[in-house]
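Presented below is the structure to which this report refers.
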Amino acid sequence: MPITQLLRRLSGDQRGVSVLQFAIIAPAFIAVMIAVIEIAFVYLAQGGLETAADAASRELMTGQAQQGGMTSAQFKTAVCASLPPYLKCSSLMIDVSTASSYSGANLGTPTLTYDSSGNVNNSFSYNPGTQGAIVVVRLMYLWPTITGPLGFNISNQTGNNRLLIATSVLKSEYY
């Protein structure tokens with residue numbers, strides 16, 4: 001059988017075309033699905049952290065933390081009680097500070113420093129203020145991420161982690 005006749009027969013054969021098309025499209029489709037799932041998890045974690053920040057802010061706004069003499073560790077325990085089950089207390093960092101005005105509140109993303117074991121070694125403040133004080137509550141959480149195919153990576157910290165931050169600025173009531 002001459003080569004031209006063989007090529008003519010093969011060019012008209014449609015068997016296996018679907019498998020070939022899927023093999024071409026599958027990597028991109030899988031990459032998009034992994035990206036969608038990973039971003040959905042990040043949004044879920046961010047929502048849980050925002051809810052915990054609201055609960056923590058209420059403790060400070062109403063003066064319960066100040067009047068109860070809560071220490072930094074006790075305040076973290078109270079905040080951890082309002083975390084959803086998929087967020088671990090060990091990955092939570094809390095910064096509570098006061099500001100002289102709303103425009104002077106520090107709302108920037110902190111620069112995290114790490115020790116040789118990859119643990120965060122920043123020291124955050126715990127200053128709940130007094131009556132009428134403007135208080136800034138920042139909850140920070142290192143959310144583990146995965147790197148997907150085709151270069152998908154949403155981590156912004158070392159060790160494939162994404163820093164999630166929930167911030168609440170409030171004025172404590174007169175108690």
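Just so it is clear, the structure is predicted and the values come from calculations on it, not from any experiment. Any value given below was found using the heavy atoms of this structure, including those in side chains, with hydrogens, waters and symmetry copies removed.
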Any side-chain heavy atom of Tyr86 sitting closer than 4.5 Å to one from Phe41? no
Is there a path of hydrophobic side-chain contacts, each under 4.5 Å between heavy atoms of I/L/V/M/F/W/Y residues, joining Leu164 to Leu44? yes
Could you state whether Val79 and Val120 fall into the same hydrophobic cluster, counting links through intermediate Ile, Leu, Val, Met, Phe, Trp or Tyr residues with side-chain heavy atoms under 4.5 angstrom apart? no
Kindly say whether Ile165 contributes a backbone atom to a donor-acceptor pair with the side chain of Gln46 at under 3.5 angstrom? yes
pair Phe152-Ile39: side-chain heavy atoms closer than 4.5 Å: yes
Is there a chain of hydrophobic side chains (I, L, V, M, F, W, Y, each step under 4.5 Å between heavy atoms) that links Val136 to Leu139? no
Side chains of Ser155 and Asn153 only: does a donor on one sit below 3.5 Å from an acceptor on the other? yes
Would Ser72 and Ile94 count as a side chain to side chain contact (heavy atoms under 4.5 Å, CB included) here? Give the steps. CA-CA 9 Å; Ser72 174; Ile94 300 173; over 6 Å; no
Do Met70 and Leu60 have side chains that approach each other closer than 4.5 Å (heavy atoms only, starting at C-beta)? no
Side-chain contact, heavy-atom cut-off 4.5 Å: Met93 with Leu142? yes
Gap separating the CD atom of Gln157 from the OG1 atom of Thr111, nearest 0.5 angstrom: 8.5 Å
So, the side chain of Asp95 versus the backbone of Ser125: is there a donor-acceptor pair under 3.5 Å, distance only? yes
Between Tyr141 and Lys88, is there a side-chain heavy-atom distance shorter than 4.5 Å? yes
Do Asn160 and Thr147 have side-chain heavy atoms sitting under 4.5 Å apart? yes
Nearest heavy-atom contact between Ala166 and Ala53 is CB-CB, 3.8 Å
For a 4.5 angstrom cut-off between non-hydrogen side-chain atoms, does Asn119 reach Tyr114? no
Value rounded to 0.5 Å, distance of CZ in Phe124 from CE in Met140: 4.0 Å
Show the nearest heavy-atom pair for residues Val137 and Ala56, with the distance to one decimal. CG1-CB, 4.4 Å
Within the side chain of Arg138, is there an N or O that forms a donor-acceptor pair under 3.5 Å with the backbone of Ser97? no
So which heavy atom on Tyr102 is nearest to which on Leu170, and how close? OH-C, 4.4 Å
Do you know which two heavy atoms are closest between Thr98 and Ala133, and how far apart they sit? CG2-CB, 4.5 Å
Would the distance check show the side chain of Asn161 and the main-chain N or O of Leu163 forming a donor-acceptor pair, the cut-off being under 3.5 Å? no
Are side-chain N/O atoms of Asn121 and Thr113 paired as donor and acceptor at under 3.5 Å? yes
Output for pair (Leu92 CG, Leu49 CG), nearest 0.5 Å, gives 6.5 Å
Roughly how far, to the nearest 0.5 Å, is CG of Asn122 from CG of Asp115? 10.5 Å
With sequence neighbours excluded, tell me which residues meet side chain to side chain donor-acceptor pair (under 3.5 Å) with Tyr43. none
Find out if a path of hydrophobic residues (ILVMFWY) with successive side-chain heavy-atom gaps under 4.5 Å connects Val42 to Leu83. yes
Please report the closest heavy-atom contact between Gly48 and Leu87, naming both atoms and the distance. C-CD1, 4.1 Å
So with a 6.0 Å cut-off around OH of Tyr126, is the heavy-atom count from everything else above 12? yes
Under 4.5 Å between side-chain heavy atoms, hopping through other hydrophobics if needed: is there a path connecting Ile146 to Ile154? no
How long is the span from the CG atom in Asn156 to the CZ atom in Arg162, to the nearest 0.5 Å? 4.5 Å
Would you say the side chain of Gln66 lies within less than 4.5 Å of the side chain of Thr130, judging by non-hydrogen atoms? no
Approximate separation, where rounding is to 0.5 Å, of Lys171 NZ and Met61 CE: 13.0 Å
